[in-house]
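Bear in mind that the values here come from a model prediction, so they are computed numbers and not experimental data.
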There are 2 protein chains.
Amino acid sequence: MDMGVAERKVRHKEDLKKEILDAAKSLFSEKGFESTSIRAIAEKIEYSPATIYLYYKDKNEIVHALHREGFKLLVSHFEVLNNVSHPFERLKGMGRAYIQFALQNPDIYRLLFMMEEPLKHVANCFEEWDEGDRAFDILSKTVAECQTLGFFNGFEPIQLSFVIWSTMHGLCTLRNTGHLAHVGVARANNLDLDQLMTATFETFVIVLEKLKG
Amino acid sequence: MDMGVAERKVRHKEDLKKEILDAAKSLFSEKGFESTSIRAIAEKIEYSPATIYLYYKDKNEIVHALHREGFKLLVSHFEVLNNVSHPFERLKGMGRAYIQFALQNPDIYRLLFMMEEPLKHVANCFEEWDEGDRAFDILSKTVAECQTLGFFNGFEPIQLSFVIWSTMHGLCTLRNTGHLAHVGVARANNLDLDQLMTATFETFVIVLEKLKG
DNA sequence: CCAATTACTAAACACTGTTTAGTAATTTTC
DNA sequence: GAAAATTACTAAACAGTGTTTAGTAATTGG
(Lines give C-alpha, C1' and ligand atoms only; values in the text may rest on other atoms or scores of the structure.)
Protein backbone atom coordinates (compact mmCIF):
# COMPACT_ATOMS: atom_id res chain seq x y z
CA MET A 1 0.00 0.00 0.00
CA ASP A 2 1.60 3.29 -1.05
CA MET A 3 1.65 6.32 1.20
CA GLY A 4 -1.11 8.23 -0.57
CA VAL A 5 -3.60 5.43 -0.11
CA ALA A 6 -2.58 4.96 3.51
CA GLU A 7 -3.22 8.62 4.16
CA ARG A 8 -6.55 8.51 2.43
CA LYS A 9 -7.53 5.56 4.59
CA VAL A 10 -6.56 7.31 7.80
CA ARG A 11 -8.45 10.39 6.68
CA HIS A 12 -11.47 8.29 5.83
CA LYS A 13 -11.29 6.65 9.22
CA GLU A 14 -11.30 10.04 10.91
CA ASP A 15 -14.12 11.15 8.66
CA LEU A 16 -16.22 8.24 9.77
CA LYS A 17 -15.45 8.99 13.40
CA LYS A 18 -16.64 12.53 12.80
CA GLU A 19 -19.68 11.26 10.93
CA ILE A 20 -20.66 9.14 13.90
CA LEU A 21 -20.26 12.13 16.20
CA ASP A 22 -22.35 14.37 13.98
CA ALA A 23 -25.07 11.77 13.62
CA ALA A 24 -25.09 11.29 17.39
CA LYS A 25 -25.26 15.03 17.99
CA SER A 26 -28.17 15.57 15.65
CA LEU A 27 -30.05 12.58 17.07
CA PHE A 28 -29.40 13.70 20.65
CA SER A 29 -30.75 17.14 19.82
CA GLU A 30 -33.72 15.63 18.08
CA LYS A 31 -34.77 12.90 20.48
CA GLY A 32 -32.72 13.53 23.60
CA PHE A 33 -29.79 11.55 24.87
CA GLU A 34 -31.60 8.69 26.60
CA SER A 35 -33.82 8.03 23.61
CA THR A 36 -31.01 7.80 21.08
CA SER A 37 -29.75 4.29 20.49
CA ILE A 38 -26.52 3.07 19.00
CA ARG A 39 -28.66 1.30 16.44
CA ALA A 40 -30.27 4.59 15.43
CA ILE A 41 -26.88 6.26 15.04
CA ALA A 42 -25.70 3.30 12.97
CA GLU A 43 -28.74 3.49 10.73
CA LYS A 44 -28.22 7.23 10.19
CA ILE A 45 -24.65 6.73 8.94
CA GLU A 46 -25.68 3.54 7.10
CA TYR A 47 -23.32 1.19 8.92
CA SER A 48 -23.99 -1.69 11.24
CA PRO A 49 -24.20 -1.01 15.00
CA ALA A 50 -21.05 -3.03 15.61
CA THR A 51 -19.05 -0.64 13.41
CA ILE A 52 -19.62 2.16 15.92
CA TYR A 53 -17.64 0.15 18.44
CA LEU A 54 -14.61 0.15 16.12
CA TYR A 55 -14.48 3.93 16.47
CA TYR A 56 -15.76 4.50 20.01
CA LYS A 57 -15.25 2.26 23.01
CA ASP A 58 -18.86 2.64 24.10
CA LYS A 59 -21.78 5.04 24.13
CA ASN A 60 -20.22 7.07 26.92
CA GLU A 61 -17.17 7.79 24.82
CA ILE A 62 -19.43 9.42 22.25
CA VAL A 63 -20.98 11.51 25.01
CA HIS A 64 -17.52 12.51 26.22
CA ALA A 65 -16.51 13.60 22.73
CA LEU A 66 -19.62 15.77 22.50
CA HIS A 67 -18.84 17.05 25.98
CA ARG A 68 -15.46 18.35 24.83
CA GLU A 69 -16.98 19.82 21.68
CA GLY A 70 -19.68 21.52 23.72
CA PHE A 71 -17.23 23.23 26.03
CA LYS A 72 -15.23 24.50 23.10
CA LEU A 73 -18.43 25.99 21.71
CA LEU A 74 -19.17 27.67 25.04
CA VAL A 75 -15.69 29.13 25.32
CA SER A 76 -15.96 30.42 21.74
CA HIS A 77 -19.12 32.27 22.83
CA PHE A 78 -16.97 34.03 25.42
CA GLU A 79 -14.00 34.79 23.21
CA VAL A 80 -15.99 37.24 21.10
CA LEU A 81 -16.04 39.43 24.22
CA ASN A 82 -12.30 40.00 24.25
CA ASN A 83 -12.96 43.24 22.37
CA VAL A 84 -15.03 44.63 25.22
CA SER A 85 -12.54 46.64 27.23
CA HIS A 86 -14.64 47.60 30.24
CA PRO A 87 -14.55 44.55 32.52
CA PHE A 88 -18.01 45.00 33.97
CA GLU A 89 -19.48 45.37 30.50
CA ARG A 90 -17.54 42.24 29.56
CA LEU A 91 -18.97 40.46 32.61
CA LYS A 92 -22.49 41.40 31.55
CA GLY A 93 -21.70 40.21 28.05
CA MET A 94 -20.53 36.89 29.41
CA GLY A 95 -23.80 36.49 31.27
CA ARG A 96 -25.78 37.20 28.13
CA ALA A 97 -23.56 34.86 26.11
CA TYR A 98 -24.01 32.11 28.70
CA ILE A 99 -27.79 32.48 28.60
CA GLN A 100 -27.78 32.58 24.83
CA PHE A 101 -25.68 29.44 24.66
CA ALA A 102 -27.99 27.63 27.08
CA LEU A 103 -31.11 28.68 25.18
CA GLN A 104 -29.75 27.91 21.72
CA ASN A 105 -28.27 24.54 22.68
CA PRO A 106 -30.46 23.12 25.43
CA ASP A 107 -29.33 19.54 24.86
CA ILE A 108 -25.64 20.42 24.79
CA TYR A 109 -26.23 22.42 27.94
CA ARG A 110 -27.76 19.38 29.60
CA LEU A 111 -24.78 17.36 28.46
CA LEU A 112 -22.27 19.84 29.84
CA PHE A 113 -23.86 20.71 33.15
CA MET A 114 -26.70 18.43 34.13
CA MET A 115 -25.81 14.88 33.19
CA GLU A 116 -23.97 12.69 35.65
CA GLU A 117 -21.99 10.48 33.35
CA PRO A 118 -19.75 12.96 31.51
CA LEU A 119 -18.57 14.50 34.76
CA LYS A 120 -17.80 11.15 36.31
CA HIS A 121 -15.49 10.58 33.38
CA VAL A 122 -13.88 14.00 33.61
CA ALA A 123 -13.25 13.41 37.31
CA ASN A 124 -11.06 10.43 36.42
CA CYS A 125 -9.31 12.19 33.56
CA PHE A 126 -7.86 15.47 34.72
CA GLU A 127 -6.21 16.55 31.52
CA GLU A 128 -9.43 16.43 29.47
CA TRP A 129 -11.11 19.34 31.16
CA ASP A 130 -9.12 22.25 29.78
CA GLU A 131 -11.99 24.16 28.26
CA GLY A 132 -14.24 23.96 31.29
CA ASP A 133 -11.52 25.27 33.54
CA ARG A 134 -10.71 27.97 31.04
CA ALA A 135 -14.30 29.19 31.02
CA PHE A 136 -14.18 29.62 34.79
CA ASP A 137 -10.81 31.34 34.66
CA ILE A 138 -12.10 33.83 32.11
CA LEU A 139 -14.90 34.61 34.56
CA SER A 140 -12.73 34.98 37.65
CA LYS A 141 -10.17 37.10 35.81
CA THR A 142 -12.95 39.41 34.66
CA VAL A 143 -14.24 39.68 38.21
CA ALA A 144 -10.75 40.51 39.43
CA GLU A 145 -10.44 43.17 36.75
CA CYS A 146 -13.73 44.67 37.87
CA GLN A 147 -12.27 45.03 41.33
CA THR A 148 -9.45 47.25 40.07
CA LEU A 149 -12.19 49.64 38.92
CA GLY A 150 -13.85 49.72 42.34
CA PHE A 151 -16.44 46.99 41.83
CA PHE A 152 -16.99 44.19 44.35
CA ASN A 153 -14.98 45.80 47.10
CA GLY A 154 -13.99 43.39 49.84
CA PHE A 155 -14.96 40.23 47.99
CA GLU A 156 -12.75 37.30 47.09
CA PRO A 157 -12.83 37.15 43.26
CA ILE A 158 -12.93 33.36 43.27
CA GLN A 159 -15.77 33.22 45.77
CA LEU A 160 -17.77 35.87 43.95
CA SER A 161 -17.17 34.05 40.69
CA PHE A 162 -18.77 30.96 42.15
CA VAL A 163 -21.76 33.02 43.21
CA ILE A 164 -22.07 34.48 39.72
CA TRP A 165 -21.63 31.12 38.03
CA SER A 166 -24.19 29.59 40.39
CA THR A 167 -26.73 32.28 39.59
CA MET A 168 -26.29 32.06 35.85
CA HIS A 169 -26.20 28.29 35.88
CA GLY A 170 -29.21 28.09 38.19
CA LEU A 171 -31.20 30.39 35.95
CA CYS A 172 -30.33 28.40 32.83
CA THR A 173 -31.05 25.09 34.53
CA LEU A 174 -34.43 26.25 35.83
CA ARG A 175 -35.22 27.40 32.32
CA ASN A 176 -33.97 24.19 30.75
CA THR A 177 -35.97 21.88 33.00
CA GLY A 178 -39.16 23.91 32.71
CA HIS A 179 -39.27 25.01 36.35
CA LEU A 180 -39.04 28.65 35.36
CA ALA A 181 -41.93 28.19 32.98
CA HIS A 182 -44.03 26.45 35.57
CA VAL A 183 -43.43 28.68 38.56
CA GLY A 184 -42.60 31.86 36.74
CA VAL A 185 -45.14 32.62 34.11
CA ALA A 186 -48.05 32.39 36.53
CA ARG A 187 -46.40 34.94 38.83
CA ALA A 188 -44.59 37.41 36.61
CA ASN A 189 -47.61 39.06 35.03
CA ASN A 190 -47.45 40.09 31.41
CA LEU A 191 -44.03 38.54 30.88
CA ASP A 192 -43.41 35.63 28.60
CA LEU A 193 -40.71 33.09 29.37
CA ASP A 194 -37.88 34.84 27.53
CA GLN A 195 -38.77 38.19 29.04
CA LEU A 196 -38.87 36.62 32.50
CA MET A 197 -35.42 35.19 31.98
CA THR A 198 -34.04 38.48 30.73
CA ALA A 199 -35.69 40.35 33.58
CA THR A 200 -34.17 37.98 36.14
CA PHE A 201 -30.77 38.44 34.56
CA GLU A 202 -31.16 42.22 34.57
CA THR A 203 -32.15 42.09 38.23
CA PHE A 204 -28.99 40.16 38.99
CA VAL A 205 -26.92 42.73 37.08
CA ILE A 206 -28.44 45.48 39.23
CA VAL A 207 -27.53 43.47 42.33
CA LEU A 208 -23.93 43.30 41.13
CA GLU A 209 -23.88 47.01 40.29
CA LYS A 210 -24.94 47.83 43.84
CA LEU A 211 -21.76 46.17 45.08
CA LYS A 212 -19.68 48.99 43.62
CA GLY A 213 -17.79 50.95 46.24
CA MET B 1 -67.22 -10.65 51.82
CA ASP B 2 -67.89 -8.71 55.00
CA MET B 3 -66.84 -5.13 55.49
CA GLY B 4 -63.89 -5.82 57.79
CA VAL B 5 -62.18 -8.08 55.29
CA ALA B 6 -62.84 -5.63 52.47
CA GLU B 7 -61.21 -2.86 54.44
CA ARG B 8 -58.20 -4.99 55.27
CA LYS B 9 -57.76 -5.78 51.60
CA VAL B 10 -57.87 -2.15 50.60
CA ARG B 11 -55.38 -1.35 53.33
CA HIS B 12 -53.11 -4.15 52.19
CA LYS B 13 -53.29 -2.88 48.66
CA GLU B 14 -52.21 0.56 49.76
CA ASP B 15 -49.46 -0.97 51.86
CA LEU B 16 -48.07 -2.76 48.84
CA LYS B 17 -48.22 0.44 46.82
CA LYS B 18 -46.20 2.13 49.54
CA GLU B 19 -43.82 -0.81 49.72
CA ILE B 20 -43.11 -0.48 46.00
CA LEU B 21 -42.45 3.23 46.45
CA ASP B 22 -40.10 2.68 49.36
CA ALA B 23 -38.21 -0.05 47.54
CA ALA B 24 -37.92 2.20 44.49
CA LYS B 25 -36.70 5.10 46.60
CA SER B 26 -34.00 3.11 48.34
CA LEU B 27 -32.83 1.56 45.07
CA PHE B 28 -32.78 4.94 43.33
CA SER B 29 -30.66 6.34 46.15
CA GLU B 30 -28.40 3.33 46.03
CA LYS B 31 -27.85 2.87 42.32
CA GLY B 32 -29.32 5.99 40.74
CA PHE B 33 -32.50 6.28 38.78
CA GLU B 34 -31.37 5.08 35.38
CA SER B 35 -29.73 1.99 36.84
CA THR B 36 -32.76 0.83 38.79
CA SER B 37 -34.95 -1.65 36.96
CA ILE B 38 -38.51 -2.65 37.56
CA ARG B 39 -37.21 -6.17 37.97
CA ALA B 40 -34.90 -5.04 40.78
CA ILE B 41 -37.77 -3.28 42.55
CA ALA B 42 -39.90 -6.39 42.14
CA GLU B 43 -37.18 -8.60 43.57
CA LYS B 44 -36.75 -6.31 46.56
CA ILE B 45 -40.43 -6.54 47.50
CA GLU B 46 -40.50 -10.24 46.55
CA TYR B 47 -43.18 -9.99 43.90
CA SER B 48 -43.04 -10.54 40.17
CA PRO B 49 -42.25 -7.56 37.90
CA ALA B 50 -45.75 -7.70 36.42
CA THR B 51 -47.28 -7.05 39.85
CA ILE B 52 -45.72 -3.57 39.90
CA TYR B 53 -47.88 -2.71 36.91
CA LEU B 54 -51.02 -3.50 38.89
CA TYR B 55 -50.14 -0.65 41.25
CA TYR B 56 -48.37 1.83 38.96
CA LYS B 57 -49.11 2.49 35.30
CA ASP B 58 -45.44 2.55 34.40
CA LYS B 59 -42.01 3.46 35.71
CA ASN B 60 -42.67 7.15 35.28
CA GLU B 61 -45.65 6.99 37.60
CA ILE B 62 -43.30 5.76 40.32
CA VAL B 63 -40.99 8.67 39.60
CA HIS B 64 -43.91 11.09 39.80
CA ALA B 65 -44.95 9.70 43.16
CA LEU B 66 -41.42 10.17 44.48
CA HIS B 67 -41.45 13.64 42.96
CA ARG B 68 -44.47 14.63 45.04
CA GLU B 69 -42.97 13.04 48.15
CA GLY B 70 -39.70 14.85 47.57
CA PHE B 71 -41.33 18.27 47.37
CA LYS B 72 -43.23 17.62 50.58
CA LEU B 73 -39.92 16.79 52.24
CA LEU B 74 -38.38 20.02 50.94
CA VAL B 75 -41.29 22.14 52.15
CA SER B 76 -41.06 20.42 55.55
CA HIS B 77 -37.44 21.57 55.71
CA PHE B 78 -38.71 25.13 55.35
CA GLU B 79 -41.60 24.91 57.79
CA VAL B 80 -39.27 24.54 60.75
CA LEU B 81 -38.27 28.14 60.06
CA ASN B 82 -41.70 29.56 60.85
CA ASN B 83 -40.40 30.25 64.36
CA VAL B 84 -37.71 32.59 63.06
CA SER B 85 -39.31 36.00 63.32
CA HIS B 86 -36.71 38.16 61.60
CA PRO B 87 -37.37 37.74 57.87
CA PHE B 88 -33.76 38.09 56.76
CA GLU B 89 -32.66 35.52 59.32
CA ARG B 90 -35.46 33.32 58.03
CA LEU B 91 -34.25 33.87 54.46
CA LYS B 92 -30.75 32.79 55.46
CA GLY B 93 -32.21 29.78 57.24
CA MET B 94 -34.09 28.84 54.06
CA GLY B 95 -30.86 28.98 52.12
CA ARG B 96 -29.13 26.74 54.62
CA ALA B 97 -32.12 24.36 54.67
CA TYR B 98 -32.14 24.22 50.87
CA ILE B 99 -28.44 23.37 50.77
CA GLN B 100 -28.85 20.83 53.53
CA PHE B 101 -31.72 19.18 51.70
CA ALA B 102 -29.73 19.03 48.47
CA LEU B 103 -26.68 17.56 50.19
CA GLN B 104 -28.57 15.02 52.27
CA ASN B 105 -30.79 13.85 49.42
CA PRO B 106 -28.77 14.21 46.23
CA ASP B 107 -30.87 11.73 44.29
CA ILE B 108 -34.16 13.26 45.36
CA TYR B 109 -32.72 16.64 44.44
CA ARG B 110 -31.89 15.34 40.98
CA LEU B 111 -35.41 13.98 40.73
CA LEU B 112 -37.00 17.28 41.73
CA PHE B 113 -34.87 19.72 39.80
CA MET B 114 -32.66 18.12 37.20
CA MET B 115 -34.56 15.31 35.52
CA GLU B 116 -36.63 16.02 32.45
CA GLU B 117 -39.36 13.48 32.81
CA PRO B 118 -41.04 14.48 36.08
CA LEU B 119 -41.39 18.07 34.95
CA LYS B 120 -42.87 17.09 31.60
CA HIS B 121 -45.56 15.31 33.57
CA VAL B 122 -46.15 18.21 35.94
CA ALA B 123 -46.50 20.53 32.96
CA ASN B 124 -49.51 18.49 31.79
CA CYS B 125 -51.00 18.16 35.24
CA PHE B 126 -51.38 21.57 36.84
CA GLU B 127 -53.02 20.52 40.06
CA GLU B 128 -50.18 18.18 41.09
CA TRP B 129 -47.62 20.86 41.70
CA ASP B 130 -48.90 22.39 44.93
CA GLU B 131 -45.82 21.85 47.03
CA GLY B 132 -43.37 23.20 44.49
CA ASP B 133 -45.38 26.39 44.09
CA ARG B 134 -45.70 26.67 47.83
CA ALA B 135 -41.95 26.51 48.29
CA PHE B 136 -41.52 29.44 45.93
CA ASP B 137 -44.30 31.41 47.59
CA ILE B 138 -42.67 30.96 50.99
CA LEU B 139 -39.51 32.42 49.47
CA SER B 140 -41.12 35.40 47.77
CA LYS B 141 -43.19 36.22 50.86
CA THR B 142 -40.05 36.22 52.96
CA VAL B 143 -38.33 38.51 50.47
CA ALA B 144 -41.33 40.87 50.58
CA GLU B 145 -41.20 40.85 54.37
CA CYS B 146 -37.52 41.75 54.25
CA GLN B 147 -38.42 44.79 52.20
CA THR B 148 -40.65 46.15 54.96
CA LEU B 149 -37.49 46.21 57.11
CA GLY B 150 -35.49 48.16 54.57
CA PHE B 151 -33.83 45.31 52.72
CA PHE B 152 -33.76 45.04 48.92
CA ASN B 153 -34.94 48.55 48.32
CA GLY B 154 -36.22 49.12 44.81
CA PHE B 155 -36.38 45.45 43.82
CA GLU B 156 -39.39 43.49 42.67
CA PRO B 157 -39.79 40.72 45.29
CA ILE B 158 -40.74 38.16 42.64
CA GLN B 159 -37.77 39.03 40.45
CA LEU B 160 -35.34 38.99 43.35
CA SER B 161 -36.80 35.67 44.48
CA PHE B 162 -35.96 34.20 41.10
CA VAL B 163 -32.40 35.49 41.44
CA ILE B 164 -32.10 33.96 44.90
CA TRP B 165 -33.62 30.67 43.82
CA SER B 166 -31.33 30.59 40.79
CA THR B 167 -28.25 31.13 42.93
CA MET B 168 -29.17 28.50 45.49
CA HIS B 169 -30.26 26.05 42.85
CA GLY B 170 -27.19 26.70 40.75
CA LEU B 171 -24.90 26.13 43.70
CA CYS B 172 -26.64 22.89 44.65
CA THR B 173 -26.64 21.67 41.06
CA LEU B 174 -22.96 22.41 40.55
CA ARG B 175 -22.28 20.54 43.75
CA ASN B 176 -24.53 17.65 42.80
CA THR B 177 -22.99 17.13 39.37
CA GLY B 178 -19.42 17.40 40.62
CA HIS B 179 -18.61 20.64 38.78
CA LEU B 180 -17.96 22.43 42.03
CA ALA B 181 -15.58 19.70 43.09
CA HIS B 182 -13.76 19.77 39.81
CA VAL B 183 -13.38 23.50 39.28
CA GLY B 184 -13.53 24.58 42.87
CA VAL B 185 -11.20 22.55 44.99
CA ALA B 186 -8.20 23.29 42.78
CA ARG B 187 -8.81 27.03 43.11
CA ALA B 188 -10.11 27.64 46.61
CA ASN B 189 -6.98 26.82 48.51
CA ASN B 190 -7.26 25.03 51.83
CA LEU B 191 -11.01 24.58 51.52
CA ASP B 192 -12.65 21.20 51.19
CA LEU B 193 -15.83 20.79 49.20
CA ASP B 194 -18.28 21.43 52.04
CA GLN B 195 -16.35 24.48 53.16
CA LEU B 196 -16.28 25.81 49.62
CA MET B 197 -20.02 25.44 49.38
CA THR B 198 -20.59 27.14 52.73
CA ALA B 199 -18.17 29.92 51.80
CA THR B 200 -19.99 30.52 48.51
CA PHE B 201 -23.30 30.65 50.33
CA GLU B 202 -21.89 33.08 52.91
CA THR B 203 -20.57 35.27 50.10
CA PHE B 204 -24.03 35.37 48.58
CA VAL B 205 -25.51 36.30 51.96
CA ILE B 206 -23.08 39.22 52.16
CA VAL B 207 -24.14 40.27 48.66
CA LEU B 208 -27.75 40.31 49.80
CA GLU B 209 -26.90 42.20 52.98
CA LYS B 210 -25.25 44.94 50.93
CA LEU B 211 -28.60 45.55 49.24
CA LYS B 212 -30.00 46.99 52.47
CA GLY B 213 -30.93 50.63 52.20
C1' DC C 1 -0.21 -16.32 -5.78
C1' DC C 2 -0.67 -16.91 -1.05
C1' DA C 3 -0.78 -15.08 3.61
C1' DA C 4 -1.94 -11.27 6.49
C1' DT C 5 -4.30 -7.42 7.52
C1' DT C 6 -8.23 -4.43 7.25
C1' DA C 7 -13.14 -2.98 7.46
C1' DC C 8 -17.06 -4.49 8.32
C1' DT C 9 -21.27 -7.18 9.95
C1' DA C 10 -24.76 -11.03 11.40
C1' DA C 11 -25.98 -12.99 15.26
C1' DA C 12 -25.96 -13.63 19.85
C1' DC C 13 -25.98 -12.21 24.99
C1' DA C 14 -27.73 -10.13 28.77
C1' DC C 15 -30.21 -6.68 29.93
C1' DT C 16 -34.38 -3.20 29.88
C1' DG C 17 -39.78 -1.63 30.27
C1' DT C 18 -44.08 -3.53 29.35
C1' DT C 19 -48.10 -6.71 27.89
C1' DT C 20 -50.62 -10.90 27.47
C1' DA C 21 -52.59 -14.91 28.77
C1' DG C 22 -53.39 -17.78 32.25
C1' DT C 23 -53.45 -19.81 37.11
C1' DA C 24 -54.57 -20.45 41.61
C1' DA C 25 -57.20 -18.73 45.57
C1' DT C 26 -60.98 -16.27 47.38
C1' DT C 27 -65.69 -14.43 47.35
C1' DT C 28 -70.34 -14.12 45.68
C1' DT C 29 -74.45 -16.14 44.03
C1' DC C 30 -77.77 -19.55 43.74
C1' DG D 1 -72.55 -26.60 49.61
C1' DA D 2 -71.61 -26.33 44.51
C1' DA D 3 -71.01 -23.26 40.61
C1' DA D 4 -69.77 -18.88 38.91
C1' DA D 5 -67.32 -14.65 39.23
C1' DT D 6 -63.85 -11.95 40.96
C1' DT D 7 -59.36 -11.08 42.86
C1' DA D 8 -54.23 -11.20 43.19
C1' DC D 9 -50.74 -12.65 41.14
C1' DT D 10 -47.20 -14.50 37.70
C1' DA D 11 -44.69 -17.05 33.68
C1' DA D 12 -43.60 -16.08 29.42
C1' DA D 13 -43.26 -13.36 25.67
C1' DC D 14 -42.32 -8.92 22.92
C1' DA D 15 -39.74 -5.30 21.43
C1' DG D 16 -36.28 -2.65 22.57
C1' DT D 17 -31.43 -1.52 24.60
C1' DG D 18 -25.82 -1.58 24.90
C1' DT D 19 -22.26 -4.60 23.78
C1' DT D 20 -19.38 -8.81 22.24
C1' DT D 21 -18.10 -12.59 19.42
C1' DA D 22 -17.14 -14.95 15.54
C1' DG D 23 -16.74 -14.75 10.99
C1' DT D 24 -16.75 -12.83 6.11
C1' DA D 25 -15.44 -10.45 2.30
C1' DA D 26 -12.05 -7.23 0.33
C1' DT D 27 -7.48 -5.22 0.24
C1' DT D 28 -2.65 -5.31 0.93
C1' DG D 29 2.30 -7.03 1.54
C1' DG D 30 5.67 -10.34 0.50
Side-chain angles (χ1 to χ4, degrees), chain A residues 1-21 23-25 27-28 30-66 111 115-118 120-121, chain B residues 1-21 23-25 27-28 30-66 111 115-118 120-121:
Chain A
M1 182 170 75
D2 73 284
M3 275 317 189
V5 174
E7 241 174 71
R8 195 196 65 214
K9 282 212 157 188
V10 169
R11 202 167 55 241
H12 174 253
K13 207 163 170 167
E14 267 158 23
D15 282 355
L16 189 46
K17 198 164 181 179
K18 189 76 177 43
E19 254 186 82
I20 293 169
L21 208 65
K25 182 159 59 179
L27 283 171
F28 286 170
E30 216 176 294
K31 318 225 181 199
F33 168 71
E34 304 294 346
S35 310
T36 300
S37 66
I38 295 283
R39 283 170 175 81
I41 298 170
E43 200 175 338
K44 182 144 195 166
I45 61 168
E46 296 180 289
Y47 281 84
S48 90
T51 300
I52 308 241
Y53 289 87
L54 301 175
Y55 295 86
Y56 292 94
K57 188 180 135 281
D58 54 22
K59 199 181 176 183
N60 284 334
E61 204 168 283
I62 300 176
V63 172
H64 303 150
L66 290 175
L111 197 77
M115 278 173 53
E116 285 193 275
E117 226 303 309
K120 256 190 244 161
H121 176 254
Chain B
M1 184 169 77
D2 72 283
M3 276 316 190
V5 174
E7 241 174 70
R8 195 195 64 214
K9 284 212 158 188
V10 168
R11 202 167 54 240
H12 174 254
K13 206 162 171 168
E14 268 157 23
D15 282 354
L16 190 46
K17 198 164 181 179
K18 188 78 176 38
E19 254 185 83
I20 293 170
L21 209 64
K25 182 159 59 178
L27 284 171
F28 286 170
E30 216 176 294
K31 318 224 183 202
F33 168 71
E34 305 293 346
S35 309
T36 299
S37 65
I38 295 282
R39 282 170 176 83
I41 298 170
E43 201 175 336
K44 181 143 196 166
I45 61 167
E46 297 180 287
Y47 281 84
S48 89
T51 301
I52 308 244
Y53 290 86
L54 300 174
Y55 295 85
Y56 292 94
K57 189 180 134 280
D58 55 23
K59 199 181 176 183
N60 284 335
E61 204 168 284
I62 300 177
V63 172
H64 303 150
L66 290 175
L111 197 78
M115 280 174 52
E116 286 193 277
E117 225 303 310
K120 255 191 243 160
H121 176 255

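Atom CG of A:Leu16 is separated from atom OH of A:Tyr55 by 4.0 Å, given to the nearest 0.5 angstrom. Rounded to the nearest 0.5 angstrom, A:Ile62 CD1 and A:Ile41 CD1 are separated by 4.5 Å. Taking CG of A:Leu111 as the start and NE2 of A:His64 as the end, the distance is 9.0 Å to the nearest 0.5 Å.
With C:dT9, C:dT18, D:dG18 as the choices, the nucleotide that has an atom nearest any side-chain atom of A:Ile38 turns out to be D:dG18.
Residue B:Ser37 is in sugar-phosphate contact alone, with no base atom involved, counting any heavy-atom pair closer than 4.0 Å across all strands shown. Contacts of B:Thr36 with the nucleic acid, taken as non-hydrogen atoms under 4.0 Å apart, involve only primed sugar atoms and P, OP1 or OP2.
If you measure from atom CG of A:Leu54 to atom C1' of C:dT5, you get 14 Å, rounded to the nearest angstrom. The distance between atom CG of B:Asp58 and atom C1' of D:dG16, rounded to the nearest whole Å, is 16 Å. The separation between A:Phe33 atom CZ and D:dT17 atom P is 13 Å, rounded to whole Å. The nearest whole Å value for the distance from the NZ atom in B:Lys31 to the P atom in C:dT16 is 10 Å. For the pair B:Lys17 NZ and D:dA8 C1', the interatomic distance rounds to 16 Å; values are reported in whole Å. Between A:Asn60 atom CG and D:dT17 atom C1' the separation is 14 Å, expressed in whole Å. Nucleotide D:dT17 holds its C1' atom 14 Å from the CD1 atom of A:Ile52, rounded to whole Å. Counting to the nearest Å, the P atom of C:dT6 and the CG atom of A:Leu16 are 16 Å from each other.
An OP1 or OP2 oxygen of D:dC9 is reached within less than 4.0 angstrom by no side-chain nitrogen or oxygen of B:Ser48. Remark: A:Tyr53 is not in phosphate contact with D:dG18, judged by side-chain N or O atoms under 4.0 Å from OP1 or OP2. Between B:Tyr47 and D:dT10 there is no side-chain N or O to OP1 or OP2 distance below 4.0 Å.
In this structure a side-chain-to-backbone donor-acceptor pair under 3.5 Å is missing from A:Asn60 to A:Val63. Under a 3.5 Å cut-off, the side chain of A:Asp15 and the backbone N or O of A:Lys18 do not form any donor-acceptor pair.
Residues A:Glu34 and A:Lys57 each lie close to DNA chain D; by heavy-atom proximity, the contact nearer the 5' end of the strand is made by A:Glu34.
Donor-acceptor pairing under 3.5 Å, judged by distance alone, is present between the side chain of A:Arg39 and the base of D:dG18.
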